[in-house]
Amino acid sequence: MANITLSLPDGSQRTLPDGATGADLALDIGPGLAKVALVAIVNGVERDLAVPLPDGAAVSIVTADSDEGLYIIRHSTAHVLAQAVLDLWPGATYAIGPPIDHGFYYDFLLPEKATFNPEDLEAIDSRMREIVASDQLFERYETNTAEAMELFAGHPYKCEIIEKVSNGDATTELSGEASADVSGSLSYYRTGDGFVDLCMGPHVPSTGRLGHFALQKVAGAYWRGDESQPMLQRIYGTAWASKKDLAGHLHRLLEAEKRDHRRLAVDLDLVSWPESLGPGLAVWHPRGALVRKLIEDYSRERHEVGGYDFVFSPHIAKSILWETSGHLDFYADSMYPPMEMDGATYYPKPMNCPFHVTVFDSSQRSYRDLPLRYFELGAVYRYELSGAIHGLMRSRGFTQDDAHIFCMREQVPAELASLLDFTLSVLRAFGFEDFQAKLSTRPGGKAVGDDDLWEMATDGLRSALDTAALSYVVDEGGGAFYGPKIDVDVTDSIGRPWQLSTIQLDFNLPERFGLEYVGSDGERHQPVMIHRALMGSIERFFGVLLEHFAGALPAWLAPEQVRVLPVAAEHQEYAELVLSRLNESGFRATVDPADEPLGKRVRAGKVAKIPHVVVVGDDDVANATVGENARGTDSPERDLQLGAFLERLTEEVDTRA
RNA sequence: GCCCGAGUAGCUCAGUUGGUCAGAGCAGGCGCCUUGUAAGCGUCAGGUCGUCGGUUCGAAUCCGACCUCGGGCUCCA
């Protein structure tokens, strides 16, 4: 029998009999690997372990340790979910079931337009575990369009996918490596007695490799995400390589829930959402308003020294403004309905830009004036779908830290570079360290502005990203028709990304409003406009900060920085002395008098996430000291000189630690 | 907007098959206790059980509509 030679990732070679599969290779390397092997990557393409390997191939074995392995596990678990549902609901049909971050989902249409109840998940889960226990093989079959249509007759969504794949346009958006050589071909998998699913694979060898999963929730989802399509029933689940990983993930979900800003905002008495206001509208309580003011003050301070001019604009304007800006053409769905007054039609503003444009246009501008940078904490109103509203993160009224920069073409690169630098500097001050940017370039269809302008602006954005050493991805063609842009995500303390900043070129509004400046050549030129927001929405930024810090805001932002606890009533006088020293130094502090036991008051201070809970008793009165409980520590620090404590606090606040 | 779920005192929640089911803890008020580091004791007050309609001798509980909140609505075989 002939042999084949295979090369492994470490550069070594192995010789196996002709016809050997990925599973054989894994076993040849070691029985331990064979047990955990999921698929093989053959010459860069993921393959089932049961597929014979070609001679000379570069092969690596994928286990659950890798992202690829987890992806396979989730994908295969989704198949088991579909198998269970089709078992339990005769007449049900299925659509798609991809792996996603942390898990998978599968979309179904049940007979009689039935829906899943949360209780159904238990039954499905049990059936899935039976399928796992019986260790059914995932068997792959190649097929053609006609056969596939027959096999999946009665399953309209599968047939739609078959047609799409047969036309060769299904793989265009799939990530490169897996789609490279399967374009246009059809495959399906068979498990158990009769379950088949259209799938390009690969899959784990058998269902016994699965099992560390949990079904999470039921949701409605439109077929292809299109509102005009039928609403399918989606089941979400999570799946992991081990019981421990699954438990870890479920634990992280609980932790994330604890830092939900909607819960923290209410617990810490910062913000509330009275029903009488309407969805997506909040009121700010004194403590929340104080924090917000600190954020806004800092923003204003930075813009003041950053070369911005402050402007203000009204909340409503006549329709002519929105006609000129074009918002009524392309943004009307997101605008609040008009108000008729004195024979004119007014709209609440969804954006600040048209107002800032009118400020620019209020007098003749010279090249000597540019760049002009107009800044406003501008409240805008947008009609968000009721189902999209989410606490402070997505609301119908919010405040943008909005600026519009008007400059000459040749100023664009330098302006973008300093702008990105400014953006990151402000975000860093709030404790964000990890950033991820996205560059969106010229879209394929209609776009305004000449080619040179697009190229210059896009290059400017790219070099600004390079200069800032910011990692970024490029969304080719993802820009708006009026200009390219950069979006900046921050990663919070538990690894979640939040899109905050956006820097967006606009070649359209200057044109629509006929903006001009007089150049050094004495001719009139059109300025370039840059929209930018750093925090995006102040409300949302506040929510992100709360989640990032789990409510424990750094001292410079904490509504109450120090709480002084006298041990007994006789120490009240000294506590008030400490309080006045704190206040004189500009700190926000209170005294919690001794009418409850100390332990209870310490606890209350901790629960309120006060950065410093200070205890004063006999020793402190005698020695002018305090006992300090820094947030996040268990053991108090006794006999700290008051002066030293104040210095420490000053340092902490000044450095925004 | 659409699908699923939820809505009981400021907060967190109990309330079995419709019949003292209107309750608890925390928070709040008032007393007592005077406390050295994560919940001292007692006491009082608080809710038209989201709203409106229906079924029933009887509804927090069953049904319908509406309101609000939560999750989801292409991470594409």
Side-chain angles (χ1 to χ4, degrees), chain A residues 71 74-75 78-79 94-105 107 113 115-118 120 148 152 157-165 170-175 178-179 182 186-189 197-201 216-236 257 260 262-263 266-267 269 272-280 333 383-391 565-572 593-607 613-620 627-629 633-638:
Chain A
Y71 185 99
R74 288 167 188 157
H75 190 185
H79 270 240
Y94 49 167
I96 59 169
I100 55 176
D101 283 352
H102 307 139
F104 58 90
Y105 67 79
D107 287 345
K113 290 188 178 170
T115 57
F116 291 116
N117 300 314
D120 293 334
F152 291 97
Y157 302 108
K158 294 295 180 191
C159 292
E160 198 176 317
I161 294 163
I162 293 165
E163 279 174 20
K164 205 170 82 161
V165 175
T171 54
T172 50
E173 292 167 47
L174 296 176
S175 56
S179 62
V182 293
L186 285 163
S187 57
Y188 64 91
Y189 281 78
D197 196 358
L198 189 70
C199 185
M200 63 183 179
Q216 294 173 299
K217 52 203 171 193
V218 179
Y222 297 105
W223 170 237
R224 299 196 182 286
D226 182 346
E227 286 183 39
S228 66
Q229 297 277 0
M231 169 78 61
L232 306 178
Q233 292 289 305
R234 174 172 297 179
I235 294 175
Y236 279 95
E257 206 172 302
D260 187 318
R262 293 163 302 185
R263 180 197 178 102
V266 171
D267 285 353
D269 194 19
S272 64
W273 290 267
E275 273 199 24
S276 53
L277 304 197
D333 287 351
Y383 180 76
E384 299 284 353
L385 290 182
S386 62
I389 288 168
H390 180 91
L565 313 184
V567 171
E570 68 205 70
H571 310 118
Q572 178 71 16
D595 44 26
E596 293 286 356
L598 184 63
K600 179 166 181 172
R601 287 176 290 144
V602 168
R603 177 181 151 75
K606 298 278 190 188
V607 168
V613 175
V614 160
V615 173
V616 292
D618 285 337
D619 300 343
D620 302 295
E628 139 87 321
N629 290 268
T633 62
D634 297 332
S635 50
E637 181 180 353
R638 294 282 303 272

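Just so you know, these numbers come straight off a predicted model, no measurement behind them.
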Between [N] ([atom2]) and [X] ([atom1]): distance, integer Å:
| X | N | atom1 | atom2 | answer |
| --- | --- | --- | --- | --- |
| Arg601(A) | C26(B) | CZ | P | 18 Å |
| Glu637(A) | U37(B) | CD | P | 16 Å |
| Asp107(A) | C76(B) | CG | P | 13 Å |
| Asp634(A) | G36(B) | CG | P | 19 Å |
| Phe116(A) | C4(B) | CZ | P | 12 Å |
| Gln233(A) | G72(B) | CD | P | 15 Å |
| Asp618(A) | G36(B) | CG | P | 11 Å |

Determine the interatomic distance between [atom1] on [N] and the same-named atom on [M]; round to the nearest Å.
| N | M | atom1 | value |
| --- | --- | --- | --- |
| C30(B) | C67(B) | C1' | 38 Å |
| G54(B) | C41(B) | C1' | 50 Å |
| U43(B) | U37(B) | C1' | 28 Å |

Indicate, with a heavy-atom threshold strictly under 4.0 Å, whether [X] touches base, sugar-phosphate, or nothing.
| X | answer |
| --- | --- |
| Tyr157(A) | nothing |
| Gly387(A) | base |
| Ser187(A) | base |
| Ala219(A) | base |
| Pro99(A) | sugar-phosphate |
| Arg234(A) | sugar-phosphate |

Subject >> Heavy-atom donor-acceptor pair, Tyr222(A) side-chain to G72(B) base, under 3.5 Å >> reply: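 When only heavy-atom distances are counted, Tyr222(A) does not reach the base of G72(B) through any donor-acceptor pair under 3.5 Å.
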Subject >> Presence of donor-acceptor pair under 3.5 Å, side chain of Asp620(A) and base of G36(B) >> reply: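 Indeed there is one.
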Original post:
Taking the side chain of Ile96(A) as its heavy atoms from C-beta onward, which of G1(B), C76(B), G72(B) lies nearest to it?
Top reply: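 Looking only at side-chain atoms, Ile96(A) lies closest to C76(B).
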**OP:** Measure the acute angle between the ring planes of Tyr188(A) and Phe152(A), then classify it against the limits of 30° and 60° as parallel, tilted or perpendicular.
**Re:**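 If you compare the ring of Tyr188(A) with that of Phe152(A), the planes turn out perpendicular.
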Original post:
When you check the gap from the basic side-chain N to the acidic O, do Arg262(A) and Asp260(A) get nearer than 4.0 Å?
Top reply: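 A salt bridge is present here (some side-chain N lies under 4.0 Å from a carboxylate O).
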Original post:
Between Asp197(A) and Lys158(A), is there a salt bridge with N-O shorter than 4.0 Å?
Top reply: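 Here Lys158(A) pairs with Asp197(A) in a salt bridge, since their nearest N and O are under 4.0 Å apart.
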Subject >> Cation-pi geometry met for Arg234(A) and Tyr105(A) (6.0 Å, 45°) >> reply: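 Checked: cation-pi criterion met.
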Could you list all N or O pairs between the protein and nucleotides 65-70 of chain B that sit under 3.5 Å apart?
unit_1: G70(B); atom_1: OP1; unit_2: Arg262(A); atom_2: NH1; d: 3.1
unit_1: G70(B); atom_1: O3'; unit_2: Arg262(A); atom_2: NH1; d: 3.3

Polar atom pairs between nucleotides 28-34 of chain B and protein, under 3.5 Å, N or O only, would you list them?
unit_1: U34(B); atom_1: O2; unit_2: Ala569(A); atom_2: N; d: 3.0
unit_1: U34(B); atom_1: O2; unit_2: Ala594(A); atom_2: O; d: 3.4
unit_1: U34(B); atom_1: N3; unit_2: Ala594(A); atom_2: O; d: 3.3

Subject >> Rounded distance [0.5 Å steps], CD in Glu596(A) versus CZ in Arg601(A) >> reply: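 It comes to 8.0 Å.
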Original post:
Starting at the 5' end of RNA chain B, which residue's closest nucleotide do you reach first, Asp226(A) or His75(A)?
Top reply: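 By nearest-heavy-atom nucleotide position, the 5'-most residue is Asp226(A).
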**OP:** On RNA chain B, check which nucleotide each of Met231(A) and Tyr105(A) is closest to and give me the residue with the more 5' one.
**Re:**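 In this pair, the answer is Met231(A).
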